[in-house]
Amino acid sequence: MSPQEKQQGTEPMYELLYHPEIPGRGEYIRLVFEATGIPYSDVSNEEYNGYKKVQNLITEANPPAFAPPALLVHGEDYHGKPLVISQTSNILLYLGPKLGLVPEGDEIARYHVNGLAITALDFCSEAHDVHHPIDVEQYYEQQKEEAMKKAKAFTTRRIPKFFGYFETVLKENKEGNGMYLVGKSLTYADTTLWQVLEGIEFAFPKTVAKISKTYPLLSFFRGNIEEHKRLKEYLSSDRRLPFSMGIFRHYPELDA
């Protein structure tokens with residue numbers, strides 16, 4: 001039974017539980033729904049007092065979620081409670097086969113997809129730690145000196161390291177012709193990496209402009225994902241939330 005068939009009336013089967021008004025880690029989940037055209041509800045951004053509902057659901061889940069994002073799946077339950085899955089990579093691992101975003105009939109390739117998605121998410125976490133290198137609960141201005149040191153290491157060593165790795169993956173995947181990381185069609189590793197690359201460019205535009213010519217396949221990959229029919233429509237819609245002061249932040253002084 002398809003996700004569409006399992007919907008209860010007009011209510012989407014899937015509800016994304018995340019913070020309002022920022023793309024954040026919730027965007028990795030939005031992208032897989034948008035890429036496949038599967039209906040979903042973005043609770044905090046669509047419902048009155050939706051964030052309160054998010055907070056209640058993640059604390060009442062079995063087991064409770066540590067923090068958003070989480071995914072509520074209608075029509076599924078776990079030990080007598082509605083099924084709630086937490087952690088970005090875990091949600092993607094759950095949704096990938098259901099939404100057709102992993103190679104069909106190749107179990108090992110699914111682990112490759114998941115490994116690449118997790119690596120991209122590690123890149124995301126490192127980018128966040130640049131502006132909050134000491135304490136995530138303190139303001140950037142309270143740890144600016146340490147952030148400057150972190151930024152130098154990140155822009156000169158870590159960005160090239162991650163870019164170089166994914167350039168190699170694209171090159172080695174002969175089936176993908178530079179368009180996909182695994183196989184010959186879109187996977188959630190592609191959408192995840194694409195979002196991270198967008199965030200890195202937002203946060204460190206000078207650095208990316210300086211080194212991008214060194215990674216031609218990565219640039220080609222980004223353009224290809226943007227032209228995916230459903231994603232292109234989503235990116236030009238008001239559902240696409242802009243980067244601001246979330247995971248990826250642009251502080252000019254950190255983009256040496």
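All values below come from the heavy atoms of this structure, side chains included, with hydrogens, waters and symmetry mates left out.
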Practice problem: Determine yes or no for a side-chain-to-main-chain donor-acceptor pair under 3.5 angstrom, with N56 supplying the side chain and K53 the backbone. | Solution: no
For residues 107-118, the side-chain hydrogen bond (donor to acceptor under 3.5 Å, both in side chains) pairs (sequence neighbours left out) are N114-Y188
Between H131 (side chain) and I247 (backbone), is there a donor-acceptor pair under 3.5 Å? yes
The complete set of side-chain hydrogen bond (donor to acceptor under 3.5 Å, both in side chains) pairs with one or both residues in residues 165-185, sequence neighbours excluded, reads none
- Item | Test item: S44 side-chain N/O and Y18 main-chain N/O as donor-acceptor pair under 3.5 Å | yes
Note: E46 and S41 closest approach over all heavy atoms is OE1-OG, 3.4 Å
Those residues at least two apart in sequence (or on a different chain) that pass ring-ring contact (aromatic ring centres under 6.0 Å, His included) with F202 are F243
Check for a donor-acceptor pair, side chain of Q143 on one end and backbone N or O of D135 on the other, with a separation under 3.5 Å. yes
Side-chain donor/acceptor of S237 to backbone N/O of Y234, under 3.5 Å:
yes
Contacts of F162 meeting ring-ring contact (aromatic ring centres under 6.0 Å, His included) (sequence neighbours excluded), chain-then-number -> F123
ring-ring contact (aromatic ring centres under 6.0 Å, His included) filter on Y28, not counting sequence neighbours, yields none
>> Looking at F154, I'd like to know if the NZ or CZ of K150 sits under 6.0 Å from its six-membered ring centre while staying within 45 degrees of the ring's axis.
In response: no
- State plainly whether the residues E34 and R239 are in salt-bridge range, i.e. N to O under 4.0 Å. yes
H228 meets the ring-ring contact (aromatic ring centres under 6.0 Å, His included) criterion, sequence neighbours left out, with none
Exactly one candidate in K206, K152, K144 meets salt bridge (Lys or Arg N to Asp or Glu O under 4.0 Å) with E253; the answer is K144
(Q) Tell me whether R158 contacts the main-chain N or O of T155 through its side chain, where contact means a donor paired with an acceptor under 3.5 Å. (A) no
>> Looking at E21, is its backbone amide N or carbonyl O close enough to the side chain of N45 to form a donor-acceptor pair, meaning the two atoms are under 3.5 Å apart?
In response: yes
Lys/Arg-Asp/Glu bridge criterion (N-O < 4.0 Å) met for E27, R30
yes
### Query
Quick one: does L217's side chain get under 4.5 Å of F166's, heavy atoms only?
no
Between the NE2 atom in H74 and the CG atom in L83, the distance rounded to the nearest 0.5 Å is 11.0 Å
